[in-house]
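First the structure, in the form of structure tokens, and then the observations on it.
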Amino acid sequence: MSGVSHDGEERRETPMAAKLKALIRQSGPITVADYMRACLSDREHGYYVTRQAIGRNADFITAPEISQVFGELIGLWSGVVWQLMGRPGSVNLVEIGPGRGTLMADALRAARIVPGFLNAATVHLIESSNVLRRTQETVLAGAPAAISWHRDIASALGRGATIPEGPTIVVANEFLDTQPVSQFVFHEGNWHERAVGLDAEERLTFTMLEAPDDSFEPTLGADYVAKDGDILERNSDMTYLGYAILMSLAEVAPFAALFIDYGHARSGVGDTLQAVSEHRYVSPLFAPGETDLTTQVDFELFETIASAPGRIAIDGPVTQAEFLGRLGIMERASKLMSANPGLANEIEVGVARLMAVPGMGDRFKAIGIRSAGLSPLPGFPPPRSSP
Ligand code: SAH
């Protein structure tokens with residue numbers, strides 16, 4: 001998890017950079033969390049707001065875009081989870097951050113073989129980007145289930161929710177890593193929030209807020225002794241709010257969620273903020289608003305938050321390779337290859353990439369969250385027995 005190498009030199013004068021510089025000149029450095037939020041979601045210049053980021057010819061490619069088998073297995077997973085819930089007459093199938101809509105299109109096609117599931121399911125897509133929403137509308141035009149769109153987790157699932165109460169299945173691939181994190185730097189005996197300011201030549205540079213943050217406490221256990229320059233990351237309040245809403249849902253109705261993301265299983269020291277442009281790593285300060293910014297998901301912290309209320313249970317995290325392997329990816333791929341010999345090579349290469357270790361197969365992890373009354377979710381090993 002230790003740092004990504006940042007070139008630190010090149011800067012592109014993007015419209016977002018100009019806007020941020022004006023802000024910094026006026027009121028001082030902005031926190032890394034605010035920088036990330038602005039670069040990704042600024043209404044004028046935000047990365048997800050203005051562009052088509054995902055795909056073979058875009059900045060980065062995701063599992064559902066690599067192989068149709070990924071979304072198909074998640075569709076079957078959802079159908080089996082619905083069966084585990086006792087086949088309720090109606091169920092919300094929610095996807096957060098659906099990208100190009102590919103995962104859901106593949107999932108719904110595959111889920112047709114689970115009798116009764118698609119009659120019970122209403123699909124809800126939570127998407128903040130208008131550009132991506134339009135793509136999703138096109139890709140899902142002929143889908144075999146009713147679909148509605150929502151702008152954010154709080155309005156979709158929180159108080160006064162636009163998604164009706166009741167049994168709910170949530171899936172999200174590569175969503176958590178786009179959520180802004182706060183970073184803290186240890187400096188001469190104190191923790192300071194890490195920030196973006198201006199250097200002597202008026203270029204964006206990493207710095208820290210002058211006043212120490214006395215409320216910040218590392219959660220790395222008693223053995224951890226902070227050294228000058230250590231960086232720790234924390235989910236933002238908004239992310240906590242999102243989690244809290246999901247957790248409260250699990251307490252009132254049968255609920256299951258699946259998050260698959262790039263991350264580490266144990267919390268640690270290090271800066272994981274990274275930027276990707278045209279499939280290459282660049283400095284997070286290189287072209288604000290025009291590169292994808294992500295951090296690695298800290299699954300340990302996620303587990304701690306998720307298990308707080310007590311009436312929910314956690315499955316995993318396990319590696320993506322283990323999760324997909326348990327769902328039968330190899331069997332599904334070989335059936336698909338014999339049914340479509342012309343596509344056999346493409347299917348084989350795609351599946352190999354999703355399962356590669358080292359590679360996507362172990363860098364990505366799957367974690368399940370469910371109402372404690374439900375059996376363990378498919379794809380995960382039986383829960384560890386309590387000590
Ligand atoms: N799941 C897709 C896309 C991953 S990219 C795939 O695997 O290909 C992240 C997605 O989350 C994009 O669709 C982005 O627009 C969306 N997103 C980011 N932050 C969001 C937020 N706060 N609320 C809703 N959607 C968000």
Side-chain angles (χ1 to χ4, degrees), residues 33-34 36-43 46-75 78 93-107 123-140 148-158 161-163 170-181 235-243 245-246 257-263 274-276 279 289 291-295 297 320 323-324 350 353-354 360 363-366:
D34 285 341
M36 214 177 150
R37 191 174 296 117
C39 290
L40 293 179
S41 315
D42 181 80
R43 282 187 181 274
Y47 180 72
Y48 282 119
V49 179
T50 56
R51 53 182 57 215
Q52 209 42 277
I54 312 158
R56 269 174 227 281
N57 302 318
D59 285 326
F60 62 100
I61 189 154
T62 55
E65 305 295 331
I66 289 173
S67 173
Q68 69 184 80
V69 181
F70 187 81
E72 290 172 351
L73 287 174
I74 291 182
S78 306
L93 177 57
V94 180
E95 183 178 1
I96 312 178
R100 300 175 53 80
T102 311
L103 186 158
M104 190 51 77
D106 294 337
V123 175
H124 298 276
L125 301 180
I126 304 181
E127 174 57 69
S128 55
S129 152
N130 292 333
V131 179
L132 288 172
R133 174 175 167 166
R134 280 195 292 278
T135 307
Q136 293 155 17
E137 284 167 349
T138 310
V139 169
L140 289 161
S148 59
W149 274 265
H150 312 262
R151 280 204 73 83
D152 56 65
I153 297 179
S155 62
L157 295 164
T162 51
I163 297 182
V170 175
V171 300
N173 183 60
E174 289 212 52
F175 166 73
L176 297 173
D177 66 356
T178 64
Q179 299 309 292
V181 299
N235 288 299
S236 71
D237 292 349
M238 275 309 290
T239 312
Y240 279 110
L241 178 74
Y243 293 161
I245 290 170
L246 294 179
L258 171 67
F259 290 97
I260 300 181
D261 231 303
Y262 179 57
Q274 64 177 34
V276 170
H279 303 273
T291 63
D292 183 42
L293 287 184
T294 57
T295 58
V297 176
Q320 171 166 297
F323 179 74
L324 297 176
R353 192 160 163 204
L354 297 183
M360 288 184 85
R363 281 210 320 266
F364 282 80
K365 313 276 188 301

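Whatever order the structure lists ligands and atoms in, that order sets their numbers, starting from 1. Just so it is clear, the values below take in all heavy atoms, side chains as well, and ignore hydrogens, waters and symmetry mates.
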Find out whether Phe323 and Leu258 are in side-chain contact, i.e. whether some heavy atom of one side chain is under 4.5 Å from a heavy atom of the other.
-> yes
Name the one of Val131, Asp42, Asn130, Asp292 that satisfies side chain to side chain contact (heavy atoms under 4.5 Å, CB included) with Tyr48?
-> Asp292
Identify the protein heavy atom lying closest to atom 24 (C) of ligand 1, giving its residue, its atom name and the separation to 0.1 Å.
-> Ser128 N, 3.5 Å
Could you tell me whether the side chain of Thr294 reaches within less than 4.5 Å of the side chain of Glu174, counting heavy atoms only?
-> no
Could you tell me if any non-hydrogen atom of Thr178 lies under 4.0 Å from any atom of ligand 1?
-> yes
The protein heavy atom nearest to atom 22 (N) of ligand 1 is Gln179 OE1, 3.7 Å
To the nearest 0.1 Å, how far is atom 2 (C) of ligand 1 from its closest protein heavy atom, and which atom is that?
-> Gly97 O, 3.4 Å
Just need the protein heavy atom nearest to atom 4 (C) of ligand 1, so name the residue and atom and give the distance.
-> Glu174 O, 3.4 Å
For Ser129, take its heavy atoms, then give the atoms of ligand 1 lying under 4.0 Å from any of them.
-> 15 (O)
So, Glu127 side chain and Trp149 main chain: donor-acceptor pair closer than 3.5 Å or not?
-> no
Among all protein non-hydrogen atoms, which one is nearest to atom 7 (O) of ligand 1, and what is the separation to 0.1 Å?
-> Asn173 ND2, 2.8 Å
So which heavy atom in the protein is nearest atom 6 (C) of ligand 1, and how far is it from that ligand atom?
-> Thr62 OG1, 3.3 Å
One should read off an interatomic distance between Ile260 CD1 and Leu324 CG, to the nearest 0.5 angstrom, of 6.0 Å
At a 4.0 Å threshold, what atoms of ligand 1 neighbour a non-hydrogen atom of Pro64?
-> 6 (C), 7 (O), 8 (O)
Using a strict 4.0 Å cut-off to heavy atoms of Gly99, name the atoms of ligand 1 that fall inside it.
-> 2 (C), 3 (C), 13 (O)
Subset of ligand 1 atoms that lie under 4.0 Å from at least one heavy atom of Leu132 = 12 (C), 13 (O), 15 (O)
Nearest non-hydrogen protein atom, atom 15 (O) of ligand 1 | Glu127 OE2, 2.5 Å
For Gly99, does its backbone N or O pair with a side-chain atom of Gln136 as donor and acceptor, under 3.5 Å?
-> yes
Hey, which of Val94, Leu93, Ile163, Ile153 is the one that makes side chain to side chain contact (heavy atoms under 4.5 Å, CB included) with Val170?
-> Val94
Flag, side chain of Asp261 to backbone of Leu176, donor-acceptor distance under 3.5 Å | yes
